2 protein chains.
Amino acid sequence: MTHHTPGHAATPSGQVSRCQGCSLCAHCLPLGLAPDDLEQFDAIIRRPRPLKRGALLVREGDPFTSLYVVRSGSFKQVVADTGYRENVTHFLLPSEVAGLDAVGEALHPTSVVALESSFVCELPFASLEALSDRLPALRGALYRCMSQELHRDQRLHCLLSFATAERRMASFLLGMSERHAARGYSPYGFQLAMSRADIGSFLGLALETVSRLMSRFQRHGLLAVRGREVTLLDLPALEALAEQGETRR
Amino acid sequence: MTHHTPGHAATPSGQVSRCQGCSLCAHCLPLGLAPDDLEQFDAIIRRPRPLKRGALLVREGDPFTSLYVVRSGSFKQVVADTGYRENVTHFLLPSEVAGLDAVGEALHPTSVVALESSFVCELPFASLEALSDRLPALRGALYRCMSQELHRDQRLHCLLSFATAERRMASFLLGMSERHAARGYSPYGFQLAMSRADIGSFLGLALETVSRLMSRFQRHGLLAVRGREVTLLDLPALEALAEQGETRR
DNA sequence: CGACACCTTGAATTACCTCAAGCCGAGTGG
DNA sequence: CCACTCGGCTTGAGGTAATTCAAGGTGTCG
C-alpha cells in the first residue's frame, strides 16, 4: 500500500492526497470554495482513514471533535433506540458528511458504522470553525449541508408518515439511484451495501417486506435484483410509484 | 392594538421590546450570549409581528431571508407532499425557531402556519450572518439549534419507523409536556393548539386513531382530555408506554 | 339557530407484521 | 473437493394493529 495512488480510491494515511485531486470535490463540503481557500481547507484535513466492514467510525456518546466526509465506501448511521432496538436513520455515500447532528453538541447522538471497507476524511471541527472565521464561503457551505439534511429528514418524515411500503421502497431505490448518478455513476445499476434488515430499519418495514417488495418489483419488470446487485429497468414506473403511490389515508 | 403591552405576550410592532426583558430569553436562540453581545443581537431583530390563526408565516417556495423565533402562540410546519397531501413535520412553540431548514438555501422548503394568534421575532439572516462574524458564541448557538433539530428529527424517525400508535401518541404527549415545562409552565396540563388531524399527520396516524388513543388513555386513567385541553395524570405510566411500549418487530 | 369544522365511536377491511421453514452463497476445515 | 456451518435472503400462512368508511355528537361563530 505504499505504492502509488490507486485511481479514484482514497490513499492510505501517510500519502499526500489533496482535495484538488479528489474526484468527489465537485459534490463535497467545500463546494464553491475559491482555489486559494480550498488550499487552506485542504490543510486542516486529517488524511483518509481506512475502516473495515462493521467498524465504528463514531460511537454514540463519543465526544464530538470532528466531522467526517465519506471518501469511499459507505456507512449507516444508527440510533440505539430506547429498549435495545437499533434503528438506522441514514445511509452515507461518498462525499456525504457524518457528524452534523453533533455540531455544537458535546456528544455524538448517533453511531456511524461502515457497511464495507471505506475511507473517510476527518475534519477537526475546531479547525473548521477557526477557518470559517476567515472564509465566509465555508460557513455557508456548512450551513447548507446542515439545512439540506434537515430538508431531507423532513421528506423522510413524509415518507414514513404516509407512504405505503411500496412507495417507501420505490422512493428509497430512486434516492439511491439519484445519489449514485450525482457522483457520476450509472443511475440504473448499483450495489446495495446494506442488508435487507438495514433497509427495513431505515424505512420502517420488516425485512421480509423489503424482500417481498424487491421480488414483486422484479416480477413486474421494474428492476432486476440479484442479492445486493440492483438494476433499475423502469425508472418512470418507479417514479410513478414513489410520487403518488396511489391514495392512502 | 395601539394600547399598552399586554402582559407577557409580545408587543405589537412599533413598541420597544427587548430580548433582555423577554421571558423566553433563557431558552431562546441567543442563549449564552454575553449582555453586551445580546444588546447587539437585539438590535438586528425586527420587532414582533402578529399572525392570526391560519396565517402563513412562511410559504413553501418563498425566498429565504429570515429566521423567525416564536414569541407567543404556536405554529405547524407543513410540507405539501407530492400528490397534494399536506404533511405536518413539526410543531413550534415559543422560543423555537422556524426557517432553519432554509438556511443557506435560496427557498423555503416548507410552509409555516399559525395554529392560533401568535407573535414572532424576525431575524434577517444577512444581519445574523454579519453579526456572527464578530460573535463566535452566536455562531455556536446557530449550530447548536440546527444540530439539535437534526437530532430531534432522528428520534422522530425512530418513532415513526418502529413504534406502535400507542407509543407514538404517548411520546408526543410527553414531548409536549416537556416543552411546556421547559418554558416554566405545568408539565401536567396544557392546551393542544393543533387539531387531531394535525397530530395524526405529524405522527403518521389517521386522525381517528389519535382520537381513539386519547379516549383509551383517558379510560385507563393516564390523562384527562376535553377537546384540546389535556391533563396528564400518570406521567410514569405514559413514560413506560413511550419508552419501551412493548415489543414490536 | 343553523352551518360548519372538528371530534368521537363503531364496524369492516387490509396492509403489513410475525412466525416458520427452506434456500442460497461464502467461508472453513476435514 | 466436498460437507458443514452460518448469515442473509426468500417465500408462505396466519394474525392483528391500524386504516377506511360511515354515522352521529359537540362546540363555535355568524
Side-chain angles (χ1 to χ4, degrees), chain A residues 52-54 76 85-88 113 115-117 159-170 172-173 191-220 223-230 241 245-249, chain B residues 52-54 76 85-88 113 115-117 159-172 191-220 223-230 241 245-249:
Chain A
K52 284 188 300 214
R53 177 182 149 80
K76 63 177 173 182
R85 274 220 67 77
E86 110 164 6
N87 196 117
V88 176
V113 183
L115 290 170
E116 58 193 307
S117 293
L159 204 64
L160 294 177
S161 306
F162 279 123
T164 60
E166 197 173 51
R167 191 172 162 194
R168 292 181 208 195
M169 199 63 213
F172 171 73
L173 290 168
Q191 285 274 350
L192 296 173
M194 68 295 288
S195 71
R196 304 289 192 260
D198 288 334
I199 299 174
S201 173
F202 178 69
L203 292 176
L205 301 172
L207 71 92
E208 293 95 328
T209 306
V210 173
S211 179
R212 270 186 260 269
L213 283 168
M214 293 280 224
S215 303
R216 172 155 18 130
F217 286 170
Q218 175 159 247
R219 211 174 317 126
H220 294 4
L223 51 75
V225 55
R226 178 173 163 73
R228 296 186 175 185
E229 177 75 38
V230 176
L241 279 183
E246 217 52 35
T247 56
R248 191 189 173 198
R249 193 155 325 161
Chain B
K52 283 186 302 214
R53 177 182 150 80
K76 62 177 172 182
R85 275 219 66 77
E86 112 164 4
N87 197 120
V88 177
V113 183
L115 289 170
E116 58 192 307
S117 294
L159 205 65
L160 294 178
S161 305
F162 279 122
T164 60
E166 198 172 51
R167 190 172 163 193
R168 292 182 208 194
M169 199 63 214
S171 287
F172 170 73
Q191 284 275 347
L192 296 173
M194 68 296 286
S195 70
R196 303 290 192 259
D198 287 335
I199 299 174
S201 173
F202 177 70
L203 292 176
L205 301 172
L207 71 92
E208 293 95 328
T209 306
V210 173
S211 180
R212 269 185 261 269
L213 284 169
M214 293 281 223
S215 303
R216 171 152 22 128
F217 286 171
Q218 174 158 248
R219 210 173 319 126
H220 294 3
L223 51 74
V225 55
R226 177 172 164 74
R228 296 186 174 184
E229 176 77 36
V230 176
L241 280 183
E246 216 52 35
T247 57
R248 189 188 174 199
R249 192 154 324 161

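In this text, all values refer to a predicted model and were calculated from it rather than measured experimentally. Chain letters run A, B, ... following the sequence lines, proteins first and then strands; every chain starts at 1. What you see below is based on every heavy atom in this structure, not just the backbone, and it leaves out hydrogens, waters and symmetry mates.
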Q) Quick check: are there more than 12 heavy atoms from other residues, nucleotides or ligands sitting under 6.0 Å from CZ of Arg53(B)? A) no
Q: Pick base, sugar-phosphate or nothing for Arg216(B), based on heavy-atom distances below 4.0 Å to the nucleic acid.
A: nothing
Q | hbond_proxy Glu166(A) side chain to dC16(C) base (donor-acceptor, 3.5 Å cutoff) | A | no
Q: Measure from CZ on Phe162(B) to P on dA17(D) and round the result to the nearest Å.
A: 18 Å
(Q) Classify Ser195(A) by what it touches in the nucleic acid, base, sugar-phosphate, or nothing, heavy-atom distance under 4.0 Å. (A) sugar-phosphate
Q. Arg226(B) side chain: which of dT8(C), dC17(C), dG27(D) is closest?
A. dG27(D)
Q: For Arg167(B) and dA17(D), give me the distance from atom CZ to atom P, rounded to whole Å.
A: 16 Å
Q: In sequence, state the C-alpha distance, the side-chain angles, and the governing distance for Phe217(B) and Leu241(B), and then conclude on side chain to side chain contact (heavy atoms under 4.5 Å, CB included).
A: CA-CA 11 Å; Phe217(B) 286 171; Leu241(B) 280 183; 3.6 Å; yes
Q: Mind checking Arg228(A) for me? I need base, sugar-phosphate or nothing, with any heavy atom below 4.0 Å counting as a touch.
A: sugar-phosphate
Q | Polar side-chain atom of Ser211(A) near backbone of Leu207(A) as donor-acceptor pair, under 3.5 Å | A | no
Q) Expressed in angstrom and rounded to an integer, what is the separation of Leu213(A) atom CG from dC16(C) atom P? A) 8 Å
Q. Among pairs that include at least one residue of residues 196-207 of chain A, which meet side chain to side chain donor-acceptor pair (under 3.5 Å), considering only residues two or more places apart or in two chains?
A. Lys76(A)-Asp198(A), Ser195(A)-Asp198(A)
**Q.** Nearest-neighbour nucleotide for the Ala165(B) side chain, dA18(D), dC17(C), dT10(D) considered
**A.** dA18(D)
Q | Side chain of Leu207(A) - closest among dT8(C), dC17(C), dT10(D) | A | dT10(D)
(Q) Side chain of Arg212(A), heavy atoms from C-beta onward: which of dC7(C), dT11(D), dC16(C) has the nearest atom to it? (A) dT11(D)
(Q) I need the CG-C1' distance between Leu115(A) and dG7(D), as an integer number of Å. (A) 16 Å
**Q.** Which nucleotide in dG25(C), dT11(D), dG8(D) has an atom nearest any side-chain atom of Arg53(A)
**A.** dG8(D)
**Q.** Ala163(A) backbone acceptor or donor facing Arg168(A) side chain under 3.5 Å
**A.** yes
Q | Length of the line joining Arg196(A):CZ and dT10(D):C1', which is rounded to integer Å | A | 9 Å
Q: Return the nearest nucleotide to the side chain of Thr164(B); candidates are dA18(D), dT11(D), dC9(D).
A: dA18(D)
Q: Give the nucleotide from the list dC9(D), dC16(C), dA22(D) with an atom nearest to the side chain of Glu208(B).
A: dA22(D)
Q | d(CD, Gln191(B); P, dC7(C)) in whole Å | A | 12 Å
Q: Figure out the CE/C1' separation between Met169(B) and dA17(D), and round it to whole Å.
A: 17 Å
Q) Within the structure shown, what part of the strands sits under 4.0 Å from Ser215(A) by heavy-atom distance: base, sugar-phosphate, or nothing? A) sugar-phosphate
Q: Would you kindly give the CD-to-P distance between Glu229(B) and dC7(C), to the nearest whole Å?
A: 14 Å
